[in-house]
Each structure stands twice: as structure tokens, then as C-alpha cells.
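Have a look at the structure below before the remarks.
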Amino acid sequence: MFRWRRTLLAGFRVHCNCAIEHHNISYKTVRSLSAAMGDKFKLPGRYGAGEKSVWVEYIQLAAEYKPAVNLGQGFPDYHAPEHVTKALANVTTGENPLLNQYTRGFGHPRLVQNLAKLYSPLIGRELDPINEILVTSGAYEALFSAILGHVDEGDEVIVIEPFFDCYEFMIKSAGGVPKFIALKPKPSEGEMTSADWVLDDKELASLFSTRTKMLILNTPHNPVGKVFTAQELQTLADLCKKHNVLCISDEVYEWMVYKPHKHIRIATLPGMWERTITIGSAGKTFSVTGWKTGWAYGPANLMKNLQVVHQNCVYTCCTPIQEAVARSFEFELARYNSPECYFFSLAEELISKRDYLVKVLRENGFNPTIPDGGYFVMADWTKLEYKIDLKQESDKYKDYRFTKKFAKEAGILTIPPTAFYSGGHKNLGENYARFCFIKKDENLQLTEKLLKEWNAKKN
Ligand code: PMP
Ligand code: GLN
């Protein structure tokens with residue numbers, strides 16, 4: 001359980017910028033400073049509502065109040081495979097001093113070669129490591145370079161809700177106009193799975209026009225866990241081809257897919273390679289989210305546009321981490337056909353965690369959607385609403401109020417999913433909380449204990 005300090009809580013109530021809190025500059029000081037300087041230095045309008053971030057707010061919450069379990073931001077609370085962390089240690093102190101210096105801007109040669117080796121058979125074409133792959137500062141920067149490298153003033157971008165929140169910010173900062181369409185859960189009698197969250201085909205088709213430049217797809221999906229089926233991908237692909245639209249496919253959870261579901265890369269559908277940029281993440285692939293290394297691959301003519309953004313905003317990514325990721329790929333590629341290969345063993349390890357968390361949530365009054373991929377569970381908490389006084393929190397959206405109150409009372413931190421919806425559709429996420437399950441078994445067991453205790457207290 002964790003205690004809330006009144007002063008800090010007051011800070012959250014006015015939605016202050018956490019970075020400001022961190023540096024001990026009071027909100028009042030900032031306000032009077034900006035009053036003195038006029039409007040000249042206010043956030044440029046193109047950043048829209050970019051001032052507020054669920055990550056800044058909830059990571060600060062976790063740091064300040066230390067919930068007993070943190071199932072909020074998605075990262076493992078246990079070690080990555082030993083060969084991965086050892087690779088980094090060996091690189092930095094090894095024989096080649098140049099591995100601590102700048103490397104090739106568009107991607108460290110050993111890493112792009114390994115990425116080409118991994119993905120070529122998966123996409124059924126020989127990837128050119130030099131012209132068709134870009135290494136980036138996490139998948140975030142791959143998204144940034146792909147969006148900023150293609151979206152022009154007034155271009156429309158189709159975004160599937162719920163969506164990883166930075167998509168909206170990036171589109172708007174490029175001058176683009178996001179067009180949202182929500183996955184909606186089909187009414188279901190029994191257990192709900194992520195496959196029950198679907199798009200309405202007519203609504204989808206109606207969003208495409210001559211102004212549409214791009215569609216952003218995320219499969220496996222954060223936060224729902226949906227793994228798009230071949231048929232669903234075909235529908236999206238047909239529309240992209242019909243309207244000459246680019247597809248950005250965010251596949252950072254590509255290895256976290258639970259049997260019998262299969263990850264299908266939309267770039268492999270007929271006529272899609274030419275118009276798809278696929279994004280991956282070493283943080284997700286090797287359970288080292290703090291390494292912040294990602295990549296994008298696609299046809300050279302599209303990748304050129306990402307390179308222009310990258311070469312002027314980032315130029316080159318961390319050399320030792322790229323070398324360590326390259327060595328980690330070599331290690332896994334050498335055992336690719338064995339069950340020990342981390343690309344396959346990770347999903348095996350996660351499925352029992354998923355099932356355990358789903359069972360615990362269900363036994364304690366939540367209605368979870370079973371995810372077919374990724375490492376999050378969206379759980380409907382409305383049957384527990386009578387147990388919690390949401391009026392004690394001041395946030396606009398109910399899920400923010402629920403997750404904050406629940407964290408205070410039960411000691412379990414989760415993420416409010418309205419952060420993944422556009423302004424007009426926030427109501428669709430309000431009844432849910434997102435739980436991350438790539439956590440030690442003991443922490444999932446602690447979650448069960450805390451939930452039971454919380455429920456018992458409330459009866
Ligand atoms: N896309 C999605 C859907 C994500 O959940 C995340 C979070 N890791 C990212 C992109 C960014 O990944 P990275 O940490 O490699 O920047
Ligand atoms: N993708 C992770 C999540 O959804 C991390 C978010 C982040 O780093 N902003 O929790």
C-alpha cells in the first residue's frame with residue numbers, strides 16, 4: 001500500500017507538468033514567469049493537446065507513491081536473457097574501442113545485417129540491409145521518422161482506436177489530420193477475447209478519401225491485445241491499395257502472440273510491400289525496454305523519407321547497444337528452430353502469466369478481455385464501481401479516477417485507457433483499466449492477494 005502526500009496530490013489535481021514538479025519549481029512560479037514573457041513562448045499550436053501524457057503522470061505516480069505492484073507502464077520487472085545483457089557488458093569493455101564511438105547513421109552494419117537475415121524469410125523477400133532498414137531510437141523514433149517523413153500539411157491519417165498515444169501527437173505535429181475509428185467489442189455472453197474487438201467495415205471504408213495519406217496499424221495491439229486476422233488485414237490492405245495509401249505497421253509485439261493465433265505481417269500481403277513501413281523494437285523483442293532501440297523496414301523509396309528525418313533529428317543511435325542487439329540476434333538466429341529460441345519461448349512464458357492474471361481479475365469482479373497477443377489486459381471494472389468512491393478524485397474521465405483510487409486503496413497501479421482514445425471517443429475507454437502482465441510470478445501473486453484483501457474490505 002502507499003501513502004499519498006497532500007501537497008503532491010494537489011499538484012496532480014491542477015495537472016501540473018511533472019517535469020516542473022521534479023525540478024522543484026512551483027507551478028505558480030512558472031505561471032508568473034510565463035505571464036511576464038507573454039505568449040511568445042507558449043507551446044506551438046500544432047502540438048495540440050500534447051502537454052499532457054499518461055506516461056509522465058503515471059510514472060511519476062509510481063515513483064512518488066510506490067504502489068505495492070506496478071502493472072502500469074509495459075516493461076518486464078525481471079531479467080532479460082543472460083546472453084543479451086552479457087553482450088552489452090562485453091561490447092563496452094571488449095577489444096574494439098570503436099564500439100563505444102559513433103557508428104553508421106542509418107544503422108550499425110552488424111545490426112542491419114542481422115535484421116535483414118531475420119526478416120527476409122519472414123516477409124518472403126531479400127531485404128537490403130543498407131537501403132531498406134533504418135535503426136532508430138526505439139520504435140518511438142521509427143514512428144516519428146515514418147510520420148514526419150510522409151505526412152504533409154492537411155494530409156489525413158487513419159488511426160485505429162484505442163491507439164498508442166504518441167500517434168496522434170506525431171500526426172498533428174506534422175500538420176496532419178488524424179481520422180479515428182474505434183475497435184468495438186462485440187456483445188458477448190461468455191468470455192471476451194481480443195478477437196471480439198472489431199472494426200466496422202463500412203465505417204472504415206467511409207474514412208478513406210483522396211486526402212488520406214496513411215493508415216497506422218498496430219498488431220499485436222496495445223492495449224487490447226488484438227492480433228489482426230488475415231481477413232481483417234486483407235480488408236485494410238484492399239482499402240490502402242484502392243486509395244493509394246501508405247501503411248505504417250507497428251509490430252513491436254510481434255513475438256508475443258499466443259497459440260493458436262499467428263502474427264501476420266501486412267507487408268507480406270499482395271501489393272502491400274510497396275506501401276508498407278514495418279516497425280519493430282529491441283526493447284520488446286529482448287525484454288530490454290530501457291535500451292530504446294528500434295527499427296523500420298520497407299521499400300527504399302519510402303525509407304529515404306525516414307532517413308531524411310532521422311539524419312537531421314537523431315543522426316545515429318547508440319553504438320554499443322546496437323552491437324549488443326546484433327549479437328543477441330545472432331545468438332537467437334543460431335537456435336531459431338529450437339523451442340529455446342527467445343522469440344518463441346517468451347510467448348510460452350507469458351501465456352501462463354496472462355491466464356493467471358485473467359483468472360485473478362475475473363474472480364475479483366473485473367471483466368477482462370483475454371488478449372491474443374501483447375502483454376496487456378483490458379479489464380472492465382464497472383461491476384466494482386459501487387465499491388469505490390470515484391467522487392474523491394477530480395479527473396475528468398472515470399478510468400483516471402478509478403485507476404488512481406484503486407492504486408491508493410489496493411496498491412495496484414494500472415493505466416487508464418482513455419489515454420488511447422481521441423477526444424470525441426474517450427467514453428469508449430472509460431470503463432476499463434489496462435493491466436500489464438510481463439511481471440514476476442510473485443508480483444502477479446501479490447496482485448491476487450491485494451485484490452482479495454481490497455475486495456474483502458469493501459464487502
Ligand atoms: N508502439 C507501441 C504499440 C508500443 O506499445 C510502444 C511501447 N514500447 C512503442 C511503439 C515504443 O517502443 P520503444 O520502447 O521501442 O520506443
Ligand atoms: N509501450 C509501453 C506501454 O504501453 C511503454 C509506454 C511508454 O514508454 N511510453 O506501456
Side-chain angles (χ1 to χ4, degrees), residues 18-19 50 52-63 70-77 80 84 107 111 115 134-147 159-171 183 194 216-228 248-257 263 266 277-297 306 310 313-314 317-318 321-322 325 328 350 371 373-378 403 413-421 429 432-439:
C18 293
K52 206 172 171 251
S53 154
V54 67
W55 310 114
V56 174
E57 187 175 3
Y58 276 64
I59 290 163
Q60 180 75 5
L61 268 174
N70 181 353
L71 307 186
Q73 192 189 19
F75 61 88
D77 62 357
V84 176
L111 178 54
L115 287 167
L134 175 70
V135 176
T136 55
S137 283
Y140 258 91
E141 196 243 316
L143 289 161
F144 182 83
S145 297
I147 294 170
V159 179
I160 297 169
E161 292 174 306
F163 59 87
F164 190 51
D165 61 326
C166 65
Y167 300 167
E168 180 177 11
F169 177 87
M170 289 179 185
I171 294 163
L183 287 165
S194 57
I216 306 185
L217 167 69
N218 174 211
T219 183
H221 185 269
N222 174 10
V224 172
K226 182 179 178 68
V227 177
F228 282 73
I248 305 297
S249 190
D250 179 343
E251 303 183 7
V252 298
Y253 300 101
E254 62 194 314
W255 302 110
M256 293 138 205
V257 176
H263 176 56
I266 196 167
I277 292 163
T278 308
I279 289 172
S281 165
K284 306 292 173 199
T285 302
F286 292 112
S287 295
V288 284
T289 60
W291 287 19
K292 286 300 292 184
T293 297
W295 49 84
Y297 62 86
L306 279 73
H310 176 84
C313 294
V314 176
C317 299
C318 174
I321 288 187
Q322 290 192 73
V325 173
S328 305
L350 285 175
Y375 44 53
F376 304 108
V377 173
M378 283 275 270
T403 50
L413 189 69
T414 59
I415 294 291
T418 56
F420 302 116
Y421 285 88
Y432 297 89
R434 191 196 79 171
F435 293 74
C436 173
F437 60 84
I438 187 163
K439 302 292 172 190

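In this text, all values refer to a predicted model and were calculated from it rather than measured experimentally. One-based numbering, in listed order, for ligands and for the atoms of each.
Given atom 3 (C) of ligand 1, the protein heavy atom at minimum distance is Asp250 OD2, 3.3 Å. Scanning all protein heavy atoms for the shortest distance to atom 13 (P) of ligand 1 gives Ala139 N, 3.4 Å. Residue, atom and distance of the protein heavy atom nearest to atom 5 (O) of ligand 1 are Tyr253 OH, 2.6 Å. Ranking protein heavy atoms by distance to atom 11 (C) of ligand 1, first place goes to Tyr140 CD1, 3.5 Å. The protein atom (non-hydrogen) at minimum distance from atom 7 (C) of ligand 2 is Gln73 NE2, 3.6 Å.
Only the side chain of Phe164 comes within 4.0 Å of ligand 1, counting heavy atoms alone; its backbone N, CA, C and O stay farther away. Of the heavy atoms in Lys292, none comes closer than 4.0 Å to ligand 2. No part of Thr289 comes within 4.0 Å of ligand 2, judged by heavy-atom distances. Contacts with ligand 1 closer than 4.0 Å are made by side-chain heavy atoms of Lys292 only, the backbone lying farther away. With a heavy-atom cut-off of 4.0 Å, Phe164 touches ligand 2 through its side chain alone.
Between Tyr167 and Phe163, the ring planes are parallel. Angles under 30° get that label, and only those over 60° would be called perpendicular. Classification of the Phe420-Trp55 ring pair by plane angle, with boundaries at 30° and 60°, yields tilted.
Here the CG-OH distance, from Asp165 to Tyr421, works out to 13.5 Å after rounding to the nearest 0.5 Å. Rounded to the nearest 0.5 Å, atoms CE (Met256) and OG1 (Thr285) are 6.5 Å apart. A distance of 9.0 Å separates CD1 of Ile216 from CE of Met170, quoted to the nearest 0.5 Å. Note that OG of Ser249 and CG of Asn218 are 8.0 Å apart. Values are rounded to the nearest 0.5 Å.
For the pair Gly74 and ligand 2, the shortest N or O to N or O distance falls below 3.5 Å. Between Thr293 and ligand 1, a contact under 3.5 Å exists for no N or O pair. Taking only nitrogen or oxygen atoms, main chain and side chain alike, Ser281 reaches within less than 3.5 Å of ligand 1.
Side-chain atoms of Lys284 and Thr289, non-hydrogen and from C-beta on, do get closer than 4.5 Å to each other. Side-chain contact between Trp291 and Val84 is present, with at least one heavy-atom pair separated by less than 4.5 Å. Ser194 is not listed as a side-chain neighbour of His221, based on a closest heavy-atom distance of 4.5 Å or more. Within the 4.5 Å cutoff, the side chain of Val314 has no heavy atoms near those of the Thr136 side chain.
For Phe169 and Phe144, the ring centers sit 6.0 Å or farther from each other.
Under the 4.0 angstrom criterion for non-hydrogen atoms, His221 is not in contact with ligand 1. Ligand 2 lies less than 4.0 angstrom from a heavy atom belonging to Tyr140. Within the 4.0 Å heavy-atom shell around ligand 1 one does not find Thr289.
Near Tyr253, meaning under 4.0 Å from one of its heavy atoms, ligand 2 places the atoms 1 (N). Residue Lys284 approaches ligand 1 through these ligand atoms, each under 4.0 Å from one of its heavy atoms: 7 (C), 8 (N). Residue-ligand proximity, Asn218 to ligand 1, at heavy-atom distances under 4.0 Å covers atoms 3 (C). The Lys284 neighbourhood of ligand 2 comprises atoms 1 (N), 2 (C), with distances under 4.0 Å to a heavy atom of that residue. Heavy-atom proximity to Gly138, at under 4.0 Å, picks out these atoms of ligand 1: 15 (O), 16 (O).
Cys317 approaches Ser137 most closely through the heavy-atom pair SG-N, 3.5 Å. Pairing each heavy atom of Ser281 with each of Ala139, the nearest pair is CB-CB, 4.1 Å.
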